[in-house]
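Just so it is clear: chains get the letters A, B, ... in the order the sequence lines come, proteins before strands, and each one is counted from 1. Side chains included, hydrogens not; waters and symmetry mates left out as well; all remaining heavy atoms used.
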Number of protein chains: 2
Amino acid sequence: MADITNARGYPIGAMSRETGVNIETIRYYERIKLMPQPDRTAGGNRQYTHDQLKRLSFIKRSRELGFSIDEIRAMLTMVDQDGVSCGEVHAMTVEHLGSVKEKIRHLKKLEWALTGMAAECAKGDVPDCPIIETLFDER
Amino acid sequence: MADITNARGYPIGAMSRETGVNIETIRYYERIKLMPQPDRTAGGNRQYTHDQLKRLSFIKRSRELGFSIDEIRAMLTMVDQDGVSCGEVHAMTVEHLGSVKEKIRHLKKLEWALTGMAAECAKGDVPDCPIIETLFDER
DNA sequence: CTTGCATCTGTAGTCGCTACAGATGGTACG
DNA sequence: CGTACCATCTGTAGCGACTACAGATGCAAG
């Protein structure tokens, strides 16, 4: 009397469509044990549950926010053990935020340098390109 | 009567020290033909010229500015052919600048999202961590 | 029953390095 | 001249996070 509604799970293609995660990547996540091994049809095709779909979206969203696979694994382990320590998650987020800020600072410096270089360049087909000169010059 | 001063070139360690490029990386650049094959001592050790040192610094500086190996290869090809088209170099720089700006924009969005998530979290060991919730929630 | 897309496994490639292992080169000191 | 010892050599494998095949099946619609 169970398993009548929703008896059939999501095949991998549906998972991919729903989450935007590439099929190959989903299988990769299984290989590295970020996603569990799903049920299989008689023929051997993967059949995912709705919970697994949510898990994959979680991974996707976290990746988009720049968390590493290992960071995500840590968070999911807590979720799996039902022992989510908000403190730990907060700490991870803050640390990650720090590295994002750092990257922004770094990229802004690049932006500056590149803008300066581009501005100095007359764009003509002259032999001495100021950009190349800048890059080649002794420190 | 030639080759008396500067007869001995720079060994790879000196190149590394001068430019800050890792020794393994210098050999890697040779393998992928970004750096030329240098002369060798009788025993087989690499001996670089001053021009090659400058070339390596060029690569280093360009890498620091975020240019890809292929972009650098393109610039160096122009330099090697002595047909530096300032227009092309300028175009590459501007395009690269565009992608840097894009990255900054992207990271700022992340910064926002992460800041928001971190702020909502009470850090307590409560069962429902707002960060995890946010990441898990349906779109 | 056939067509044809979806999915399967397994392996190798991507980028830009980095890290070995195990064998020589080169040089300073006694 | 020998020896100690660092520098350098080649070649291969690993990293992170996928991506891209090849070649074999599954499965659903007409």
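For the segment residues 69-79 of chain A, no residue has any heavy atom less than 4.0 angstrom from an atom of DNA chain C.
B:Glu24 has a carboxylate O that lies under 4.0 Å from a charged side-chain N of B:Arg27, or vice versa, which qualifies the two as a salt bridge. For the pair B:Lys54 and B:Asp51, the salt-bridge criterion is not met [side-chain N within less than 4.0 Å of a carboxylate O]. Between A:Lys108 and A:Glu111 there is no salt bridge, since none of the side-chain N atoms of the basic residue sits less than 4.0 Å from a carboxylate O of the acidic one.
Spacing between atom CZ of B:Arg40 and atom C1' of C:dG26 amounts to 15 Å, rounded to whole angstrom units. Atom CD of A:Gln47 and atom P of C:dA6 are 15 Å apart (whole Å). Atom pair B:Met35:CE and C:dC17:P shows a separation of 14 Å (rounding to whole Å applied). The separation between A:Ile23 atom CD1 and C:dT9 atom P is 12 Å, rounded to whole Å. The CG atom of B:Asn45 sits 14 Å away from the P atom of C:dT24 (whole-angstrom rounding). At whole-Å resolution of the value, CG in A:Asp39 and P in C:dC8 are 13 Å apart. Rounding to whole angstrom units, CD1 of residue A:Ile12 and C1' of D:dC27 are separated by 16 Å. One interatomic measurement links the two molecules: CD1 of B:Ile26 to P of C:dT18, which rounds to 11 Å at whole-angstrom precision.
Within the 4.0 angstrom heavy-atom criterion, no nucleotide atom of any strand lies near B:Ile32. B:Arg17 comes within 4.0 angstrom of nothing in the nucleic acid, heavy atoms only.
Using a 4.0 Å cut-off, some side-chain N or O of A:Arg46 falls inside it from OP1 or OP2 of C:dC8. For C:dG25, the OP1/OP2 oxygens have no side-chain nitrogen or oxygen of B:Thr41 closer than 4.0 Å. Dashed line: the shortest gap from a side-chain N or O of A:Tyr29 to OP1 or OP2 of D:dC18 is under 4.0 Å.
Two residues, A:Gly44 and A:Thr25, neighbour DNA chain D, and the one matched to the more 5' nucleotide by heavy-atom proximity is A:Thr25. Closest-nucleotide positions on DNA chain D for A:Tyr28 and A:Gly43 were compared, and the one nearer the 5' end corresponds to A:Tyr28.
Nearest to the side-chain atoms of A:Arg63 among the listed nucleotides C:dG25, C:dC17, D:dC18 stands D:dC18. The side chain of A:Ser68 lies closest to D:dA17, out of D:dA17, C:dC17, D:dC9. Here the nucleotide nearest the side chain of A:Pro11, chosen from D:dG26, C:dT7, C:dC8, is C:dT7.
More than 12 heavy-atom neighbours from other residues, nucleotides or ligands sit within 6.0 angstrom of CZ on B:Arg40. Residue B:Glu64 places its CD atom among more than 12 non-hydrogen atoms of other residues, nucleotides or ligands, all under 6.0 Å distant. More than 12 heavy atoms of other residues, nucleotides or ligands lie within 6.0 Å of CG in A:Asn22, so this atom counts as buried by the packing criterion.
Proximity of a side-chain donor or acceptor of B:Glu95 to a complementary backbone N or O of B:Met92 within less than 3.5 Å is not detected. No donor-acceptor distance shorter than 3.5 angstrom exists from the side chain of B:Ser16 to the backbone of B:Ile12, with no hydrogens or angles considered.
For the pair B:Ala118 and A:His90, the tightest heavy-atom approach, listed with the atom from each and the gap, is O-CE1, 3.1 Å.
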Polar pairs (N or O, both sides) under 3.5 Å between protein and nucleotides 19-21 of chain C?
from   : atom 1 : to      : atom 2 : distance (Å)
C:dA19 : N7     : B:Glu24 : OE2    : 2.9
C:dC20 : N4     : B:Glu24 : OE2    : 3.4

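Remark: of the listed residues A:Thr19, A:Asp80, A:Leu34, A:Asp80 is the sole one forming a side chain to side chain contact (heavy atoms under 4.5 Å, CB included) with A:Arg55.
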